[in-house]
Amino acid sequence: MNTKTTVISQEALDAQFACCDKIAAYWKNKGVTPVAYVETYGCQQNEADSEKLRGYLAQSGYAIGSEAEGADVVIMNTCAIREHAEQRVFGNLGALTHTKHRHPEQKIFLCGCMAGETKVSDRIRQSYPHVDGVFSTHHLWQFPEILWNVLSGKKRQFFIADEPGSIAEGIPQVRDSKLKAWVSIMYGCNNFCTYCIVPYVRGRERSRKFADILAECRELIDGGAKEITLLGQNVNSYGKDLPEGKDFADLLAAIAQLPGDFLIRFMTSHPRDASEKLFDTMAKYPKIAKQLHLPFQSGSSRVLKAMNRHYDRDTYLNKVNYAKKVMPELVLTSDVIVGFPGETEEEFEETISLIQQVHYDSLFTFIFSPRPGTPAASMDDPTPKEEKNRRFDRLCAVQNAISEEIHNNYIGKTMRCLVDGRDKDMLTARTEGGRLVRFAGDDSLIGSYHNITITGATTWSLTGQLQA
Ligand code: SAH
Ligand code: SF4
Ligand code: F3S
């Protein structure tokens with residue numbers, strides 16, 4: 001058991017807060033309120049990290065803006081999961097030469113998962129001289145120091161040393177929503193699925209302490225949060241690195257027993273570690289949403305083995321069947337990759353048949369994207385791109401029909417939903433299972449639970465009517 005996770009000391013964090021003070025004094029001296037803009041790519045983990053960057057920025061005197069134009073600090077918090085995600089970032093980063101030209105004081109930073117790749121930091125060093133600093137996820141806690149170094153005239157900052165990773169408690173956060181909060185319960189990943197870059201850029205799996213997570217949830221609920229989403233690349237292995245002897249199901253149960261009217265969600269669950277204990281715990285507590293995101297990636301046991309997923313088709317299906325048995329109302333979603341190197345037509349058909357068997361509410365579908373440095377990137381991949389596109393389209397068509405059918409079955413049902421915002425002339429709400437419902441109503445409904453009768457459905461969302 002690895003219990004050697006580095007916990008950042010209070011002293012080290014205080015040194016960062018001292019940099020925040022220096023930055024705030026620097027701007028006060030100039031008599032202006034500086035503006036910062038943080039652009040987030042990728043998954044919720046990055047969203048949660050951006051809330052910390054905004055927390056540090058607010059503590060350093062920055063107002064948080066909504067565009068790069070005119071901002072004094074621009075941070076791009078990036079995602080490396082697929083090649084396309086990286087290309088987008090490089091394109092947008094290039095465009096910042098113009099915003100910086102119009103506002104020469106602008107300081108530009110790149111962080112997040114791409115910053116953990118040497119080839120990316122090398123490219124920025126050589127071809128993007130307008131970028132003032134690059135820092136990987138391991139160095140996010142040092143952002144005030146990096147920013148202060150840049151403001152005080154030091155040369156370009158590269159905080160990219162490869163590390164197993166650490167845990168920093170007590171970084172301030174400016175949350176996007178008071179109503180729906182992200183809580184990271186662990187960082188990193190140990191799984192090394194052969195296609196995936198995450199373990200290389202986010203370091204080893206490390207869990208936050210049980211008591212720290214519980215305290216954060218309590219504070220959020222007291223502050224009005226109605227939905228808490230627990231985050232980790234593989235939440236089911238929570239606690240394996242802690243001496244406390246508690247697992248993810250124990251954590252869920254403890255949060256579910258906190259007083260207040262709220263729902264707990266979580267992502268992502270790795271099927272290998274999803275246990276009957278987890279499903280029983282979900283079934284037992286009304287405050288745990290009956291929603292499960294359980295990525296299967298492929299319906300073929302041979303492909304799953306090549307992906308290093310450590311479960312086969314039957315094990316996966318058995319787990320899903322158990323979960324559905326103890327939670328008949330379960331909303332089930334998943335991730336799937338089409339065109340993994342060497343995937344045959346028959347193996348692809350196994351993916352289709354798994355989807356038809358499980359009947360997912362919705363799917364996140366991806367075409368395999370080779371990530372340099374991962375084992376799958378150098379596997380033989382004879383299937384032409386056009387063929388992969390064809391498989392992808394077929395998969396989407398099959399799933400869309402299933403999603404539509406499931407959504408149609410909601411019509412006539414009345415469901416308790418959290419009203420979470422407005423989209424043009426309709427209010428938006430979420431069912432317990434996380435499905436989007438649009439309905440007509442007054443803004444005063446936002447922020448509380450209401451009963452809504454479903455009157456219409458599409459592949460992607462539901463429409464409804466508020467019950468008095
Ligand atoms: N930790 C999560 C997934 C994080 S990445 C889990 O294991 O379930 C989100 C999804 O991106 C993955 O589930 C996978 O379907 C997809 N993905 C990851 N790497 C990919 C790659 N190289 N090409 C295509 N899709 C990929
Ligand atoms: Fe990537 Fe696999 Fe870890 Fe998920 S479990 S982050 S897919 S290596
Ligand atoms: Fe992307 Fe990093 Fe998340 S690679 S998907 S932002 S963990």
Side-chain angles (χ1 to χ4, degrees), residues 39-50 53 76-86 88-89 110-117 120 136-138 140 165 182 184-206 230-238 240 266-274 292-299 303-304 306-311 316 319 332-341 343 351 355 360 362-379 381 385 388-389 391-392 395:
E39 188 156 288
T40 313
Y41 299 79
C43 66
Q44 288 81 358
Q45 215 109 62
N46 264 13
E47 296 287 351
D49 283 350
S50 286
L53 290 167
M76 296 204 129
N77 191 4
T78 64
C79 170
I81 203 82
R82 282 169 292 276
E83 195 186 349
H84 177 72
E86 296 202 347
R88 247 181 84 212
V89 167
L110 182 132
C111 67
C113 293
M114 279 172 71
E117 296 178 274
V120 170
S136 67
T137 58
H138 301 315
L140 182 141
W182 311 116
S184 295
I185 63 165
M186 56 196 301
Y187 307 98
C189 183
N190 284 354
N191 287 311
F192 291 95
C193 302
T194 52
Y195 50 81
C196 184
I197 191 95
V198 172
Y200 302 90
V201 293
R202 282 198 173 259
R204 296 292 59 74
E205 216 164 74
R206 49 214 190 270
L230 307 177
L231 297 179
Q233 291 302 340
N234 175 13
V235 291
N236 300 131
S237 63
Y238 171 80
K240 282 186 184 162
F266 55 90
M267 64 190 308
T268 297
S269 293
H270 191 298
R272 180 196 54 200
D273 303 311
L292 183 65
H293 184 64
L294 196 65
F296 71 100
Q297 313 297 3
S298 167
V303 173
L304 287 169
M307 287 176 163
N308 194 32
R309 290 289 287 181
H310 295 284
Y311 55 85
Y316 182 86
K319 293 199 183 204
L332 194 62
T333 58
S334 194
D335 295 347
V336 53
I337 297 176
V338 171
F340 185 81
E343 179 194 67
T351 291
I355 290 170
Y360 293 102
S362 67
L363 272 185
F364 294 91
T365 49
F366 307 104
I367 295 185
F368 170 74
S369 168
R371 307 283 55 225
T374 62
S378 48
M379 288 178 187
D381 191 5
K385 197 166 166 289
K388 291 190 182 190
N389 288 339
R391 287 182 194 170
F392 183 78
L395 179 94

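The analysis underlying the following values was restricted to heavy atoms, covering all of them including side chains, and did not include hydrogens, waters or symmetry mates. First listed ligand is number 1; within each ligand, the first listed atom is number 1. Index from 1, following the sequence.
- Heavy atoms of Gln297 stay at 4.0 angstrom or farther from ligand 2.
- If you look at Ile337 next to ligand 1, the close heavy atoms, those under 4.0 Å, all belong to the side chain.
- Residue contact check: Cys113 has heavy atoms under 4.0 Å from atoms 2 (Fe), 4 (S), 6 (S), 7 (S) of ligand 3.
- Counting heavy atoms closer than 4.0 Å to ligand 1, residue Tyr195 contributes atoms from both its backbone and its side chain.
- Residue contacts with ligand 1, taken as heavy atom pairs separated by less than 4.0 Å, do not involve His84 at all.
- Of the heavy atoms in Pro199, only side-chain atoms (C-beta onward) come closer than 4.0 Å to ligand 2.
- The parts of Ser369 lying near ligand 1 are both backbone and side chain, judged by heavy-atom distances below 4.0 Å.
- Among all non-hydrogen protein atoms, the one lying nearest atom 4 (S) of ligand 3 is Ala80 N, 3.2 Å.
- By the 4.0 Å heavy-atom criterion, Arg202 is counted among the residues contacting ligand 3.
- For Cys189, the nearest N, O or S atom to atom 3 (Fe) of ligand 2 falls under 2.8 Å.
- Looking only at protein heavy atoms, the nearest one to atom 3 (Fe) of ligand 3 is Cys43 SG, 2.3 Å.
- Shortest contact from atom 14 (C) of ligand 1 to any protein heavy atom: Gln297 OE1, 3.5 Å.
- Distances between N or O atoms of Arg371 and those of ligand 1 include no value under 3.5 Å.
- Ring orientation note: the planes of Tyr311 and His270 are nearly perpendicular, at an angle over 60° on the 30°/60° scale.
- For atom 11 (O) of ligand 1, the closest non-hydrogen atom on the protein side is Arg82 NH1, 3.3 Å.
- The residue His270 has no part lying near ligand 1, judged by heavy-atom distances below 4.0 Å.
- The part of Ile367 lying near ligand 1 is the backbone, judged by heavy-atom distances below 4.0 Å.
- Residue side and main chain included, Cys79 places an N/O/S atom under 2.8 Å of atom 1 (Fe) of ligand 3.
- A donor and an acceptor atom, one from each side chain of Asp49 and Asn77, are nowhere located under 3.5 Å apart.
- The closest side-chain donor-acceptor pair between Asp335 and His293 falls under 3.5 angstrom.
- The aromatic ring centroids of Tyr200 and Phe192 lie less than 6.0 Å from each other.
- The protein atom (non-hydrogen) at minimum distance from atom 6 (S) of ligand 3 is Asn46 ND2, 3.3 Å.
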